[in-house]
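As the structure is a computational prediction, the values presented were derived from the model and not from experiment. Quick note on labels: first sequence line is chain A, next is B, and so on, each numbered from 1.
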Number of protein chains: 4
Amino acid sequence: MRRKLTQRGRQRREQLMHRAARLFAERGYDPTSVADIVESLGVGKGVFYWYFTSKEELLAEILKASNHDLRRRQEAAIGDEPDPLERIAIGVRASLEWFRDHRDYFSIIQFAATDERFAPVLRRNRETALGDTIRHLKDAIVAGRIPDQDPEMLALAVLGVVEQLTRRYLVDGDEPVDRVGAAAVSFCLHGLGG
Amino acid sequence: MRRKLTQRGRQRREQLMHRAARLFAERGYDPTSVADIVESLGVGKGVFYWYFTSKEELLAEILKASNHDLRRRQEAAIGDEPDPLERIAIGVRASLEWFRDHRDYFSIIQFAATDERFAPVLRRNRETALGDTIRHLKDAIVAGRIPDQDPEMLALAVLGVVEQLTRRYLVDGDEPVDRVGAAAVSFCLHGLGG
Amino acid sequence: MRRKLTQRGRQRREQLMHRAARLFAERGYDPTSVADIVESLGVGKGVFYWYFTSKEELLAEILKASNHDLRRRQEAAIGDEPDPLERIAIGVRASLEWFRDHRDYFSIIQFAATDERFAPVLRRNRETALGDTIRHLKDAIVAGRIPDQDPEMLALAVLGVVEQLTRRYLVDGDEPVDRVGAAAVSFCLHGLGG
Amino acid sequence: MRRKLTQRGRQRREQLMHRAARLFAERGYDPTSVADIVESLGVGKGVFYWYFTSKEELLAEILKASNHDLRRRQEAAIGDEPDPLERIAIGVRASLEWFRDHRDYFSIIQFAATDERFAPVLRRNRETALGDTIRHLKDAIVAGRIPDQDPEMLALAVLGVVEQLTRRYLVDGDEPVDRVGAAAVSFCLHGLGG
DNA sequence: AATGAATGAGGCTTCATTCAT
DNA sequence: AATGAATGAAGCCTCATTCAT
């Protein structure tokens, strides 16, 4: 595939991805047909297959793009903060903010994780997120800031807290991100023993 | 529907539910066809519709039954333990054990939560689980065992930790439940500030 | 088939026929399943196939029985009335009365006439009804009571009037049979030129 | 649904309707499968659902279209004929002619009238036909051309005669329409008392 | 780049009928 | 006589994908 797209072409492509993301979030991936997507945009079916090889590729692209975007947001937020625990706290808050601004992606990611067709892509994403956190945790342990425990387990626990609070308060609900962030950070830092 | 089932009938019904659960866990709900289920059991397609109105109903039944079973396990484990924090710890460990013994259900539940067709059933299940935990937390707060914070948020955080560690170490992996349980409990109790 | 039935057996059979007739009238033959019939009677499926070879046979039996009954009613009403036009008038009224008392059969017959599977049975029934009327008409022509016209056409016209008024006023509606009968007879006798 | 169809598309749609009408007339609606229709046209199954939402909609469209066509024929035939009885006579003959030219539709309409799924559409059609005739009858009564009787009943009687003779002589048989028309008109006008 | 049309495999469900008990 | 269970063909419809224009 990999077409060279004009300016307008790139816009169409993004338009398709956004619309698809919204529909996937609302109804789920399988129940949303390619016809649904193009119809909701008022274009013909050919358009879709001009920009994507298949419905499957579309979702994969969505996952990749969103992950990339979230990651950039986190990195920008953390900057060169030296304190490892603070870096975790910042990362947590950045994640919450990003999901608040991209509600749709939450359920898509959630779904993709349960589907063998997409789990691989997701797995890779998750590993990177995990890796980042683990690095900070190791730094913290080395620096004596928290007790010496399995950093992977700790990282997973942190992710679990973020995931759960995100769903409830930012995706399903509409809580101020500060309040949720404060609770999440507090729970995690204490949980880590810091 | 509600048929009067004979002994044999009840067995068939359960057989269908178990087999379906396994296939749903392996391939996902939508990609698993009714034909797949009955074929894998070597029976005719009609059998399925003798016991269930639809594929959708089947999943709903699976969700209901598994939730019921998990809940019973927790209650049995907690017994009449008076200490609220200990009750949470026991509940956490019981959940981990149950999921280790019923791996299939984990991904099914995970998926169902992302699908508007089943979210309602799931939501109800989740609310009960949450409610239980919240009750313990309030007791703990009243007893001065942990600081006064929003118990719902805390409960969600605990569930998040459990969910994440379960997936990684008991569903995808095969870690001894004790080690995982210890980490989970430790993280949570510290996180709660207890 | 042709079983020797006990008293109770004959009752069951009739019960099935009546219930089926009602359901066929309400929903149509094809859309009514054997399961619908037996369920609505609270019995097992075996019962049905004990008394009838097939769903098709059931409808044929219903058609035969109802035709037989209607014919008996007409004959009883006509008795030995000597005037051929009066015999037609009496026949018309008798038909109207019978259909008022057996609404269900009207739409069943109507349907069966359009279906190649049952048209044969129906055709035979219709021919007898027609034959009766034609006989009266020929008598009337010979007796100089009405002009000499094609008696078959006349007979069909009479049946057409009866059918239409029956549907509107006795099946769909609930008009007194006398009023409808008077109109039908008047229209027909004038139409015949009598 | 409501698609924008190209020239070719409109042709396909009509082709499907005509073919379906023929098959429905031959075998009945329920016994004719969508597969039968598309196969007999040598196209894929998807084609059908590109043009119609369902098999049910297809029949409804057929009924609507045929009714529309019959009505136009009648109106064209009647023109501005001033004599109300003559208008009825012309209408009767026009109906006979139309059905001779569209045999298929006769049994379809006949069937649809007995099926609760289509009765509504049919009912509306029938009401218009009835309404037209009633109007002429009222004119005739006012003009003193026929005795004062319930015009609805009379109209139904007329329709009944037409229906019956149509079936026998033009659909099942192949009589010259003039002869049948003459008999129908004569019977009806006398029947009306004109 | 884009459209309407077409394909055809495959999914869910129904149902007449048969069978073991 | 009767029941619950089972069969499996067949029906309706969906949908990812391709094609001609």
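Scanning for salt bridge (charged side-chain N to carboxylate O under 4.0 Å, His left out) contacts around B/R27 gives B/D36, with sequence neighbours left out. The side chain to side chain donor-acceptor pair (under 3.5 Å) test applied to B/Q15 returns B/R12, not counting sequence neighbours. For A/A21, the side-chain contact (heavy atoms from CB on, under 4.5 Å) partners two or more places apart in sequence, or in a different chain, are A/I62, A/Y105, A/I108. Judged as a salt bridge (charged side-chain N to carboxylate O under 4.0 Å, His left out), and not counting sequence neighbours, D/D104 has no contacts. Among residues two or more places apart in sequence or in another chain, the side-chain contact (heavy atoms from CB on, under 4.5 Å) test is passed with B/R167 by A/R126, A/E163, B/F106, B/Q110, B/Q164, B/D172. Evaluation of the salt bridge (charged side-chain N to carboxylate O under 4.0 Å, His left out) rule for D/E56 yields no partner, not counting sequence neighbours. For C/E127, the side chain to side chain donor-acceptor pair (under 3.5 Å) criterion is met by D/R168, not counting sequence neighbours. Take B/R19 and apply the side-chain contact (heavy atoms from CB on, under 4.5 Å) test, not counting sequence neighbours, and it matches B/R22, B/L23, B/S40, B/L41. With sequence neighbours left out, the side-chain contact (heavy atoms from CB on, under 4.5 Å) criterion links D/A119 to D/R123.
The cationic group of D/K55 lies under 6.0 Å from the six-membered ring centre of D/Y29 and within 45° of the ring axis, placing it in a cation-pi geometry.
Distance CG (B/L58) to P (E/dG11): 16 Å, rounded to an integer number of Å. Summarising the geometry, the separation between CZ on B/F48 and P on E/dG11 is reported as 14 Å, rounded to the nearest angstrom. B/R13 has its CZ atom 13 Å from the P atom of F/dA6, to the nearest Å. Atom CH2 in B/W50 sits roughly 17 Å away from atom P in E/dC19 (whole-Å rounding). D/R8 has its CZ atom 13 Å from the P atom of E/dG4, to the nearest Å. Rounded to whole Å, atom C1' of E/dA1 lies 15 Å from atom CZ of A/F52. In this structure, A/K55 places its NZ atom 11 Å from C1' of F/dT14, rounding to the nearest Å. Rounded to whole angstrom, the span from the CD atom of A/E57 across to the C1' atom of F/dT17 amounts to 14 Å.
Using cut-offs of 30° and 60° for the angle between ring planes, the A/F118 and A/F111 rings count as tilted.
For DNA chain E, the residues of residues 37-45 of chain D within the heavy-atom distance limit of 4.0 Å (strictly under) are D/V43, D/G44, D/K45, sorted by number. A heavy atom closer than 4.0 Å to some atom of DNA chain E occurs in C/T32, C/S33, C/V34, these being the qualifying members of residues 19-34 of chain C.
If you check every strand for non-hydrogen atoms under 4.0 Å, B/G46 touches a base.
With distances taken from any side-chain atom of D/V47 to the nucleotides E/dT7, F/dG4, F/dA5, the minimum falls on E/dT7. When each of F/dT18, F/dA6, E/dA2 is scored by its nearest atom to the side-chain atoms of A/Y49, the top-ranked nucleotide is F/dT18. For A/Y51, the listed nucleotide lying nearest its side chain is E/dA1; candidates were E/dA5, F/dG4, E/dA1.
For the pair C/E39 and C/K45, the salt-bridge criterion is not met [side-chain N within less than 4.0 Å of a carboxylate O].
Between D/T6 and E/dT3 there is no side-chain polar atom (N or O) within less than 4.0 angstrom of OP1 or OP2. B/T53 has no side-chain polar atom (N or O) that falls below the 4.0 Å cut-off from OP1 or OP2 of E/dT13.
For the pair C/E56 and D/R12, nearest-nucleotide mapping onto DNA chain E gives the more 5' position to D/R12. Sequence order on DNA chain E of the closest nucleotides to B/D36 and A/G9 puts A/G9 first from the 5' end.
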Based on Watson-Crick and G-U pairs with both distances under 3.5 Å, what dot-bracket line describes DNA chain E 5' to 3', crossing pairs as [ ] and inter-strand pairs as |?
-> .||||||||||||||||||||

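Only the P atoms considered, F/dT21 is 22 Å distant from E/dA1, to the nearest whole Å.
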